[in-house]
Each structure stands twice: as structure tokens, then as C-alpha cells.
Amino acid sequence: MAGDRRFHWEYQEEPVERQAFRVTGGRPLRGRVRISGSKNAALKMLAAATLTSEPCRLTNVPEIEDVRAMAEVLRDLGAEVAHPAPNTYEVTAANVEWLFVPLEAAAKMRASFILLGPLLTRFGRVIISNPGGDRIGRRPVNLHVDAMRAMGANIEYRNGYYFARSEGRLRGTELAFPTVTVMGTENAVLAAVLAEGHTIIRPAAREPEVDDLIAMLQKMGAQVARTSPDVIEVEGRGRLHGAEHDVISDRIEAGTFVVAGAITGGDVTIEAAPCDFLGSFLDVVAEVGVAVACGRDTIEVRGTAPGAAQLRAHDVVTAPYPGLATDLQPPTAVLLTQATGTSAVHETIFEDRLEWLGELRKLGAEVEMVDEHCAAITGPSHLRGAEVEMGDLRAGASLILGALVAEGESVIHGAHHVRRGYEDIERKFLDLGAQIEHISEGLGTATR
Ligand code: EPU
């Protein structure tokens, strides 16, 4: 075992370098922006690489904090993780001897729980921290744990950790999730590919990132396929081999830039845009009255000058794919502040995901909470610069959007949230003509 490897026996919240963005709004954004690889696909693929002792090479991996955190977790397990070029990662999990995912990893990144399935199915045991909650709600993992138990695992919960074991290989089974869960589906798939026998998952999440994970697993030799829109079937194999895979583009980042172009009266061409995966969102954008044109992998957005009263209010409801993504609820809400009339925003996936609207209100948005799952947004609002705080990455990116259309200067604290999930967001906005800079605020905790 490498003597210089750091282990995290004891949890201590690491200080983070706190930064704020200073944004001066009111400039139309113009030009081209290239979308990076999908965070929520790349993280699962890095975890999938632990299913084999052979090297797996991933390209189009976004350069973001969550990916760096996942790479660190994999290194702590004993995997070799190379980063030979920007956006390329190579993982070789030949010498994994440390089957422990600490609270420190889980506190940084909830997605660390995706290691439950692959480590348990390949090595027969893992101790993994409960990722607990985050700023958008409780975020339980009971469905992941139930799925592993249904496949024969013995899982005990003690002191914040799941102690998971299986006698021999996990066993394929019929899994019936009581609700659609993206990571729950992915964990089940990752476990089933090395389990003994046949697994049927229903309802399986339909998100494009799940299908991209399946595509990578197929290249690794797994027998896994989506056999109907919400059913995934897996025939377990004894071993998998290495593979190369190019991660799909990030549809949430693409949606964020659609709104940026739309509300600033700009003219933005979004490249490497996964148009096919943005159907419900682009329908909303079109209903609101934004001019968007989709090419094969580009989206052109012709914006409306703020306050021009051409955008129309529209009620939206978040839903599992192919519905409107909950991760696009915050950018959509910012768009609706510029539309004439009152729009209802229903959040159906996460319990506290409308809380950030309190910060949007500080920029002058007219937001009324109808109940904890529904807000009414009345526009068009003349937003004005203010000091606001990001609570999570999607809300964070959306506060930048609000600040871009606001008159005057805004200071948005908590920039590290955005760096978790958006590659080079500041440079991308600068290249489009935005006035945005970061200010260092010294060391602090992730929350304040
Ligand atoms: N749920 C349970 N028990 C579970 C798992 C989920 O009750 O064991 C509930 C959740 O509380 C939620 C619903 O099921 O109410 C759906 O949650 P899901 O499991 O689908 O969410 P997730 O897999 O934890 C992923 C993305 C999120 C994205 C959601 C929904 C990753 C790493 N995260 O989370 O992305 O919002 O799916 O699409 O893939 C983000 O990128 O900012 C982000 C939050």
C-alpha cells in the first residue's frame, strides 16, 4: 500500500477557497460558446471504471471540482487515475485494496454514493458514507440500498456508514423502484453488470446520462440494454474489460446558456449542444417566445432586449426525463422574470429546490411562494444589482444569469458551488461579452 496516500479516518470539513463573482449586468451576450461534457454522466463513468482491472479512458470529461473530487476518491481506493490531457481521464482499478468511501468524500459530493454498486459487485464488500442531505432537500439513498439488498447484499447502517457485503456474487433480480431515481437506477445497473443472472429494472430512469453510462458499459463487455422506455435489462457477466468512451454534452449547461442569450437581448450560438435531450426545455423556451433554432448539434438563440415585453408567462412543472429537468428549473425561473404575466413554477423532484428564489428576489424578481413546491413569478421585472449567496450549483449559475440582466453591479458569493459543476463558466461568459470577474474572499467553509 502506498505510504504517502492520504486517508480520511476522521471527518473534518476542509476549508475551501471562497470566491465571489462580481457581475455588471445589462450587456447583450453575443458569440459562440462550446458546451462541456456532462457532469452527471462523467461522474458515473469514472465510478464504472472500478468494475474492471483494465484501463478505462474517458474523453470530454468536464474540468470541474466534482470530477476532481471523484478522481481523488478513486485514488484513495487504490485506483490509478491519470489526467494525461485536459478533459481526458484514464482510470485503472487493478489494485483496489481500500473499500472505504469516507464521509469527507460524501460531504463534498453526493455522487460518491454511486460507488456502492460497482465496489460491492466486484469486490463483495464496501463501507460507504451516507451522503445525507444537501441544500436542495433531504436526498435519501434508501432506494439504492434496497436495490442492493434485493440483489442479495447484506447491508447494515452504523454511525453514518453503510457496511455492505455479499456472500459470493450479487444475484440478478427484478427490481421495482417505487419512484423514478436517476442514481438509484445507475447504481443498480452498475451492480447488475457483474451479478449472477438476469436483472430487470423498472421503472428505470430515462435520463440521457443513464443511456450514456449504458453505452460505456456495453463497450466494457457488459450485457445491458434499455428494452423499453422505462425498462433496463442486464445479464450479468463474470468480468468486464477496459474501454474508451466520449462523454455526452451537458444538457443543463446548454440550457443555462440558452437563457443567457435569451434574457440579455443577445445573439448566442451554442456549440456541442445536445438538442435532442433538451426537448421539454426548448418547448418551454419557445412557448415563452424566445427565438431558438436547433441544428444538428448547435442551438442559436436570438434574445429579447430586457423589458421589451415580448416574452410571455408560461406555467412549468419539473418532472423526470423526458419532462422538464429539475436542474433547469432555476434558469427557467430567471427567464420567466423577464416574461409578461404570472408564471407558476412547480418543483416536483426535490423538496427545497425553490428556496433559492429568495436570493433571486433580492435582485428584484417578483416571486411569491404559493406553497413549498410552487412559486408564482410575475414579470417582466426590472432586475437591479444586489449582493446574493449561492446555495447550490444550479441556483448559483442562475443567480449569475439574473445578475447579467440586472442593472448595475451584483456580488454573488459562494462561487465554489458553480465550479463544482460548470467548466470555466467565467471565461465562457466573458467570451460572450459579459462583465464578470471573480473576487477571492479567503478561506472559509463550503457553506459560509
Ligand atoms: N429518492 C429517494 N430515495 C432514494 C433516491 C432518491 O427518496 O434512494 C428521491 C429523491 O429524494 C428525489 C427523487 O427520488 O425526490 C429523485 O431523485 P434522484 O434519485 O433521481 O436524484 P439523484 O440521482 O440523486 C440526479 C442528479 C441531480 C438531478 C437528479 C434529478 C447526479 C449526480 N445528480 O440526482 O443533479 O437533479 O438526478 O434529475 O446525477 C445537479 O447536477 O445539480 C443535480 C442535483
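Just so you know, ligand 1 is whichever comes first in the structure, and atom 1 is the first atom listed for that ligand. Side chains included, hydrogens not; waters and symmetry mates left out as well; all remaining heavy atoms used.
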N/O separation below 3.5 Å, T179 to ligand 1:
no
Any atoms of ligand 1 less than 4.0 Å from a non-hydrogen atom of I349? List them with their elements.
12 (C), 15 (O), 16 (C)
Is the closest side-chain donor-acceptor distance between H416 and Q19 under 3.5 Å?
no
Give the numbers and elements of all ligand 1 atoms closer than 4.0 Å to a heavy atom of R110.
24 (O)
Does CD belonging to E372 count more than 12 external heavy atoms closer than 6.0 Å?
no
Value for CZ (F281) from CG (L335), rounded to nearest 0.5 Å, stands at 7.0 Å
Does ligand 1 have a heavy atom under 4.0 Å from the side chain of Q329, from its backbone, from both, or from neither?
neither
From atom 39 (O) of ligand 1, work out which of R420, E209, K44 has a heavy atom at the shortest distance.
K44
Quick one: look at Y321 and ligand 1, take heavy-atom pairs under 4.0 Å, and tell me if it's side chain, backbone, both or neither.
neither
Hey, looking at atom 37 (O) of ligand 1, which of V182, T348, T318 has the closest heavy atom?
V182
Does a side-chain N-to-carboxylate-O contact under 4.0 Å join K428 and E423?
no
Heavy-atom distances under 4.0 Å are what count here, so tell me which part of E351 touches ligand 1: side chain, backbone, both or neither.
neither
Less than 4.0 Å is my threshold; does some heavy atom of T185 fall inside it relative to ligand 1?
no
Nearest-option assignment for atom 11 (O) of ligand 1, heavy atoms, candidates P320, P140, G323
P140
Can a non-hydrogen atom of H417 be found less than 4.0 Å from any atom of ligand 1?
no
From I425 CD1 over to E253 CD, what is the distance, rounded to the nearest 0.5 angstrom?
7.0 Å
Polar contacts were defined as any N/O atom of the residue lying under 3.5 Å from an N/O atom of the ligand; does this apply to F350 and ligand 1?
no
Is the closest heavy-atom distance from E186 to ligand 1 below 4.0 Å?
no
Looking at E54 and K219, is any side-chain nitrogen of the basic one under 4.0 Å from a carboxylate oxygen of the acidic one?
no
Pair E387, S410: side-chain N/O donor-acceptor within cut-off below 3.5 Å:
no
Hey, is R394 touching ligand 1 through its side chain, its backbone, both or neither, going by heavy atoms under 4.0 Å?
side chain
So, is L393 polar-close to ligand 1, with some N/O to N/O distance under 3.5 Å?
no
Looking at T88, N87, D246, which one forms a side-chain hydrogen bond (donor to acceptor under 3.5 Å, both in side chains) with T59?
D246
Measuring centre to centre across the rings, with the benzene-like ring taken for any Trp, is F21 within less than 6.0 Å of H438?
no
Whether E72 and R75 form a salt bridge (side-chain N of Lys/Arg under 4.0 Å from carboxylate O of Asp/Glu) is what I want to check.
no
Location of contacts on T326 toward ligand 1, heavy atoms closer than 4.0 Å:
side chain
Measure the shortest side-chain to side-chain distance between M220 and T52 over non-hydrogen atoms and say whether it is less than 4.5 angstrom.
yes
Quick note on ligand 1: atoms under 4.0 Å from a heavy atom of K39 include exactly 40 (C), 41 (O)
Under 4.0 Å from one or more heavy atoms of L143, ligand 1 contributes atoms 2 (C), 3 (N), 4 (C), 8 (O)
Within 45° cone and under 6.0 Å: R158 NZ/CZ vs F163 ring:
yes
Min N/O separation D327 to ligand 1 under 3.5 Å:
yes
If we set the cut-off at 4.0 Å for heavy atoms, which region of V180 has an atom near ligand 1: side chain, backbone, both, or neither?
backbone
Below 3.5 angstrom, do we get any N/O pair linking M183 and ligand 1?
yes
